[in-house]
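All of these numbers come straight from a predicted model, not from anything done at the bench.
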Amino acid sequence: MSRLVTEKERNLILNSDIIKDYPKFKAFLENTPTLDDSEIDILDKDMRNFFTGGIFNAVKGKAPKEWEVDKSKTVETNEEEIKNCQICNHPIKNLYYIKNKVLLIRYDENRSQIRK
C-alpha cells in the first residue's frame with residue numbers, strides 16, 4: 001500500500017496556484033492527507049475520476065512548473081543545524097530559496113511564507 005498523494009505532492013500542490021482550479025481536490029488534500037491508494041473506492045465518483053482519469057497526474061505535473069530558484073537570495077550552508085524543505089520535508093544541507101512565479105510568494109530565511 002502507498003499513499004494516494006504523497007506528503008511532497010500534497011505540500012507542493014497546496015502551495016501552488018493550480019489548486020484554486022480544483023476546490024474539491026483542495027478540500028480532499030486538507031482533510032484526507034493520509035489516504036492509501038487501496039482506499040480509492042471510498043471516494044465519491046468525482047474524486048475517483050480525478051485520480052483515475054489523469055487529472056491528478058496533470059495537476060501534479062503542472063505544480064512544479066510554477067516554482068523557480070529565487071536568485072535574489074544567496075545559498076546558505078549550515079552544517080550545525082540541518083533544516084527541512086517546506087515542500088517535501090526532506091533534510092537539506094544547502095538552503096536554496098524558491099519562489100512561486102504565479103502566486104508571487106517566496107520562502108524567506110525564517111522559513112515563513114511571504115506574499116508579495
Side-chain angles (χ1 to χ4, degrees):
M1 275 192 284
S2 62
R3 294 265 167 90
L4 195 55
V5 180
T6 67
E7 181 181 10
K8 179 180 178 178
E9 293 165 342
R10 179 181 179 276
N11 291 337
L12 178 66
I13 293 168
L14 281 174
N15 284 288
S16 297
D17 183 63
I18 194 165
I19 195 65
K20 76 176 182 354
D21 296 334
Y22 303 95
K24 191 170 183 177
F25 181 52
K26 181 180 181 189
F28 168 82
L29 290 177
E30 292 171 339
N31 300 316
T32 321
T34 60
L35 192 69
D36 288 331
D37 57 3
S38 64
E39 300 174 287
I40 196 167
D41 291 335
I42 68 170
L43 300 175
D44 67 32
K45 183 180 177 183
D46 290 339
M47 284 309 301
R48 278 195 314 272
N49 287 340
F50 186 85
F51 286 100
T52 61
I55 301 168
F56 172 67
N57 287 333
V59 170
K60 184 172 68 170
K62 288 181 182 178
K65 294 176 182 171
E66 293 183 19
W67 295 89
E68 66 182 9
V69 172
D70 186 350
K71 294 178 182 171
S72 69
K73 305 291 280 182
T74 59
V75 177
E76 294 179 17
T77 303
N78 187 351
E79 295 182 14
E80 295 175 14
E81 179 187 350
I82 304 296
K83 297 180 181 182
N84 290 340
C85 174
Q86 289 183 318
I87 300 296
C88 69
N89 203 31
H90 183 78
I92 50 178
K93 186 175 177 181
N94 295 319
L95 184 61
Y96 294 85
Y97 294 94
I98 60 173
K99 64 182 176 181
N100 186 294
K101 299 180 285 188
V102 178
L103 293 174
L104 300 177
I105 58 174
R106 66 178 173 86
Y107 290 96
D108 72 1
E109 63 274 2
N110 296 317
R111 301 169 49 77
S112 58
Q113 194 178 74
I114 298 174
R115 199 172 287 274
K116 284 188 171 186

Legend entry - Co-membership, hydrophobic cluster, residues Ile40 and Val59, 4.5 Å side-chain: yes
Legend entry - Whether over 12 other heavy atoms sit under 6.0 Å from Lys71 NZ: no
Legend entry - Lys101, NZ: over 12 other non-hydrogen atoms inside 6.0 angstrom: yes
Legend entry - Contact list for residues 5-15, test salt bridge (Lys or Arg N to Asp or Glu O under 4.0 Å), sequence neighbours left out: Glu9-Lys60
Inset, instruction - Please identify each residue that fulfils ring pair (Phe, Tyr, Trp, His ring centres under 6.0 Å) with Phe56, with sequence neighbours left out. - result: Phe25, Phe51
Legend entry - Path from Leu35 to Ile55 over hydrophobic side-chain contacts below 4.5 Å: yes
Legend entry - Pairing residues for Lys45 by the side chain to side chain contact (heavy atoms under 4.5 Å, CB included) criterion, not counting sequence neighbours: Arg48, Asn49
Inset, instruction - For Asp21, enumerate each residue passing the salt bridge (charged side-chain N to carboxylate O under 4.0 Å, His left out) test, keeping only those at least two apart in sequence or located in another chain. - result: none
Legend entry - Glu66 side-chain N/O to Ile18 backbone N/O, donor-acceptor pair under 3.5 Å: yes
Legend entry - Verify same cluster id: Val5, Ile42 (apolar side-chain graph, 4.5 Å): yes
Legend entry - Nearest-0.5 Å distance, OG1 of residue Thr52 to CE of residue Met47: 10.5 Å
Inset, instruction - To the nearest 0.5 Å, tell me how far Leu103 CG sits from Asn15 CG. - result: 8.5 Å
Legend entry - Heavy-atom pair of closest approach, residues Asn31 and Pro33: C-CD, 3.4 Å
Legend entry - Nearest-0.5 Å distance, CG of residue Asp37 to CZ of residue Arg3: 11.0 Å
Inset, instruction - Verify the distance criterion only: is there a donor paired with an acceptor across the side chains of Ser38 and Asp36 at less than 3.5 Å? - result: no
Inset, instruction - Not counting sequence neighbours, which residues clear salt bridge (charged side-chain N to carboxylate O under 4.0 Å, His left out) with Asp17? List them please. - result: Lys20
Inset, instruction - For side-chain contact (heavy atoms from CB on, under 4.5 Å), just list the numbers for Ile19 and Leu29, CA-CA rounded to whole Å, side-chain angles, deciding distance to a tenth of an Å, and then say yes or no. - result: CA-CA 10 Å; Ile19 195 65; Leu29 290 177; 4.1 Å; yes
Legend entry - Partner residues of Glu39 under the salt bridge (charged side-chain N to carboxylate O under 4.0 Å, His left out) criterion, sequence neighbours left out: none
Legend entry - Distance, nearest 0.5 Å, that separates CG of Leu43 from CG of Leu4: 6.5 Å
Legend entry - Closest non-hydrogen atom pair between Asn100 and Ser16, with its separation: ND2-CA, 3.8 Å
Legend entry - Within the 6.0 Å centroid threshold, strictly below: Phe28 and Tyr22: no
